[in-house]
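Since we're looking at a predicted model, the values are computed, not measured. Residue numbers count from 1 along this sequence.
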Amino acid sequence: MSQKKYDIIVVGGGHAGAEAAWAASRLGAQTLLLTMRRDTIAKMSCNPAIGGLAKGQIVREIDAMGGLMGLATDAAGIQFRLLNRSKGPAVQSPRAQTDKYQYAAYIRQQLESTDNLTLAEHTAAEVLTRNGAVCGVRCEDGTEFAASAVILTTGTFLRGVMHMGREQWPGGRLGEPAGNALSDCLRRLGLMVKRLKTGTPVRLDGATLDYDKTDIQPGDADPQPFSFMNDRIDRPQVPCWITWTNPAIHDLLRANLHLAPMYTGQIQSVGPRYCPSIETKIMRFADKTRHQVFLEPEDQNVTTIYCNGISTSYPKEIQDQMLRLMEGTQRARIVHYAYAIEYDYCPATQLKPNLETRTLAGLFLAGQINGTSGYEEAAGQGLLAGVNAVHKLAGKEPLVLGRDQAYLGVLVDDLLTREIDEPYRMFTSRAEYRLTLRSDNADARLAPIGRQIGLVDESRWQRFCAKQQAIEQLQSYLKQTRIGGKSLWEWIKQPTHPLSEDLTNNDNIAKMGLPREVIQAAAIACKYEGYLARQDKQIAAFRNLEHIKLPVDLDYHRIPHLRFEAREKLAAFRPFTLGQASRLGGITPADITIIQIHLKKTKSRLSYESTAYET
């Protein structure tokens with residue numbers, strides 16, 4: 001059978017697949033995106049929202065490097081909020097409720113109009129290999145496509161099993177089949193495959209809720225865009241609403257735990273700790289008499305409502321009773337019921353830092369197949385995998401972001417150095433250098449990288465350069481202009497001074513007509529100057545270990561004085577840098593020192609410049 005030849009094949013059209021296909025094709029690779037259904041590309045199968053704590057930073061990083069998610073959010077957003085507005089900039093995160101139909105349509109339109117990209121409706125069944133490297137994909141109908149690199153972004157489809165009470169049925173998402181053959185193929189290829197669980201709540205007919213019995217939650221009065229290419233959000237915002245569970249609901253759920261798959265043993269795998277089902281909440285937090293539920297519109301017209309906070313796998317009759325007991329939803333009509341889903345994933349410790357598998361050249365994994373949860377984490381991995389697949393074929397250095405450069409760097413490093421036994425979710429607390437990794441400065445950190453690799457086009461680059469120039473000019477003005485013996489830069493540091501609250505309290509600055517983001521950047525640089533300088537010193541020390549690459553064939557069992565536990569852990573994980581080794585659980589500073597001494601004594605092939613994970 002003849003095969004059509006591509007450079008790169010992306011399997012899966014979710015958020016990871018969309019970004020991977022976009023990046024690869026924009027960098028000039030002939031790319032094929034295989035998806036079961038074209039009309040489900042970038043489908044928001046769970047919460048129709050983008051961003052949130054730490055996730056908002058990831059979206060802005062994707063945008064800064066030339067990805068799609070930020071642009072799509074601005075185009076489809078129906079409510080924008082900056083979370084933690086009252087706290088410091090290190091933990092402030094943008095979030096947007098979106099029209100899920102407009103969001104998917106925007107992504108699909110961008111992909112359909114992109115050069116070098118072909119979209120095809122097929123179900124991938126097998127990754128084809130030759131001489132230890134991928135050479136293409138075979139689909140369930142027998143169709144074969146050839147390629148030198150394959151990126152798997154399979155979401156929850158690998159051997160997906162849905163649960164609703166005692167009901168079980170195969171599926172990767174409501175109304176869509178599972179991908180069993182591909183999961184079996186990964187096992188045959190020698191990859192470790194494990195199981196995880198996630199879930200989703202009921203969707204309600206938006207016209208059947210009693211909103212007057214709930215608390216309204218409006219968006220921000222001054223909505224801030226996600227994309228650095230947009231100055232403002234002009235469209236009207238749609239509110240969300242808040243209600244609560246109550247003791248009657250909790251009694252109902254506890255009395256029927258024998259019907260909950262999470263507690264009957266029907267579901268064996270682990271779900272997300274930070275987005276638990278309602279049955280998990282009432283058991284884990286037994287002292288709480290109520291839990292918050294956000295009623296979030298799924299589209300501009302509030303046709304359907306996503307009930308954020310009551311994910312469950314109880315049977316339909318229990319879900320019905322629960323809604324009849326909750327304020328605002330007593331008369332609501334259920335559009336579709338909540339369910340849980342178990343699915344296969346491949347622990348990411350099997351990957352190189354460029355998201356390529358260690359054992360099979362040219363096979364990249366991105367998204368939930370790596371054990372993550374969330375659209376944002378998936379999209380970020382997809383972008384990195386797309387870039388790195390192109391770089392591999394071109395013989396270029398891989399794009400590996402450091403923990404000091406981006407939340408995406410933290411994400412990938414965590415996946416490679418931690419034993420993930422539950423869906424991984426990003427938080428600001430996971431980033432040691434979060435004061436540097438803010439949402440407002442993602443472009444300053446990553447636009448130059450995006451430009452260097454070729455994803456940041458000329459219009460985006462010129463816009464970025466103009467912004468940076470404006471920031472530098474404003475900072476220079478603040479440092480040089482003096483009032484009462486002090487520069488404006490010094491006055492801003494005084495918490496009680498009007499300039500500390502708002503730089504435009506100075507008439508001359510107000511007359512400059514500078515964009516909000518320029519004023520914000522200058523203010524943060526001034527107020528946090530000392531903290532940022534201190535963090536820069538920490539980052540410099542951190543980079544010393546990160547720059548030391550470990551030989552891929554280093555025999556840890558032959559290193560004298562290294563503890564047995566350390567030898568076993570290091571041999572199992574095979575870290576790529578001394579920095580990664582230091583972050584493995586159970587590895588001590590003394591272990592790191594012993595490795596360094598051993599490498600110097602044996603004059604090992606230790607490199608401070610080369611990338612030891614290249615093939």
Side-chain angles (χ1 to χ4, degrees), residues 45-49 52-55 83 95 97 156 162-167 195-204 209 213-215 217 240-296 305-330 332 334 336-343 372-375 420-427 429:
S45 51
C46 199
N47 190 358
L53 299 179
K55 292 169 175 282
L83 306 184
R95 183 185 188 274
Q97 202 70 25
T156 59
M162 323 275 275
H163 298 269
M164 188 186 297
R166 293 191 176 94
E167 292 183 63
R195 300 283 278 175
L196 286 176
K197 171 259 178 188
T198 190
T200 190
V202 296
R203 309 306 199 274
L204 304 178
L209 277 76
K213 295 182 179 180
T214 67
D215 298 323
Q217 184 187 50
C240 296
W241 296 267
I242 297 174
T243 187
W244 301 82
T245 62
N246 53 55
I249 291 175
H250 296 187
D251 290 343
L252 167 72
L253 299 181
R254 288 194 189 97
N256 288 281
L257 281 176
H258 62 286
L259 300 176
M262 286 287 294
Y263 289 88
T264 63
Q266 181 174 309
I267 292 177
Q268 297 288 328
S269 46
V270 180
R273 181 190 313 179
Y274 302 104
C275 187
S277 64
I278 185 61
E279 50 264 45
T280 300
K281 288 181 185 178
I282 64 165
M283 298 303 293
R284 185 181 297 168
F285 308 106
D287 57 322
K288 288 188 174 293
T289 59
R290 65 177 191 168
H291 293 284
Q292 200 169 45
V293 180
F294 295 91
L295 304 174
E296 300 174 334
I305 292 290
Y306 177 94
C307 297
N308 188 350
I310 52 172
S311 293
T312 186
S313 55
Y314 272 107
K316 293 179 181 178
E317 59 270 21
I318 302 300
Q319 296 186 42
D320 282 325
Q321 293 177 52
M322 175 172 61
L323 291 171
R324 301 295 164 258
L325 293 170
M326 191 160 62
E327 287 296 318
T329 66
Q330 292 97 331
I334 294 178
H336 75 69
Y337 287 89
Y339 62 88
I341 180 171
E342 291 183 288
Y343 57 95
T372 59
S373 67
Y375 307 142
I420 304 296
D421 57 4
E422 63 183 14
Y424 178 97
R425 178 178 178 179
M426 181 56 70
F427 291 99
S429 59

Could you check whether any side-chain heavy atom of [X] comes within less than 4.5 Å of a side-chain heavy atom of [Y], counting everything from C-beta outward?
X      : Y      : result
Leu259 : Arg166 : yes
Tyr263 : Thr280 : yes
Glu327 : Gln330 : yes
Glu167 : Met162 : no
Asp421 : Val270 : no
Leu204 : Ile334 : yes
Ser313 : Ile267 : yes
Ser311 : Ile278 : no

Which atom of [X] lies closest to which atom of [Y], heavy atoms considered:
X      : Y      : value
Leu257 : Tyr314 : CD2-OH, 3.3 Å
Gly328 : Lys213 : N-CB, 3.9 Å
Ala49  : Gln97  : CB-OE1, 3.7 Å
Ala338 : Met164 : O-CE, 3.3 Å
Met326 : Asn246 : CA-ND2, 4.2 Å
Ser277 : Lys197 : CB-NZ, 4.3 Å

Hey, is the main chain of [Y] close enough, under 3.5 Å, to the side chain of [X] for a donor-acceptor pair?
X      : Y      : value
Tyr306 : Pro48  : no
Glu342 : Arg195 : no
Lys281 : Gly309 : yes
Arg203 : Ile305 : no

Point-to-point distance, once rounded to the nearest 0.5 Å, from [atom1] of [X] to [atom2] of [Y]:
X      : Y      : atom1 : atom2 : answer
Ile249 : Arg290 : CD1   : CZ    : 12.0 Å
Asn308 : Phe294 : CG    : CZ    : 7.0 Å
Thr245 : His250 : OG1   : NE2   : 3.0 Å
Arg425 : Leu53  : CZ    : CG    : 7.5 Å
Gln319 : Thr312 : CD    : OG1   : 5.5 Å
Glu296 : Gln217 : CD    : CD    : 7.5 Å

>> Walk me through whether Tyr343 and Ser269 qualify under side chain to side chain contact (heavy atoms under 4.5 Å, CB included).
In response: CA-CA 9 Å; Tyr343 57 95; Ser269 46; over 6 Å; no
> For Tyr375 and Asn47, does a side-chain donor sit closer than 3.5 Å to a side-chain acceptor?
Replying inline: no
> Given Thr200 and Tyr337, is the side chain to side chain contact (heavy atoms under 4.5 Å, CB included) satisfied, shown in steps?
Replying inline: CA-CA 9 Å; Thr200 190; Tyr337 287 89; over 6 Å; no
>> Using side chain to side chain contact (heavy atoms under 4.5 Å, CB included), reason through Tyr339 and His163 one step at a time and then give a plain yes or no.
In response: CA-CA 6 Å; Tyr339 62 88; His163 298 269; over 6 Å; no
>> Apply side chain to side chain contact (heavy atoms under 4.5 Å, CB included) to residues Leu323 and Thr329 and explain how you reach the verdict.
In response: CA-CA 6 Å; Leu323 291 171; Thr329 66; 3.9 Å; yes
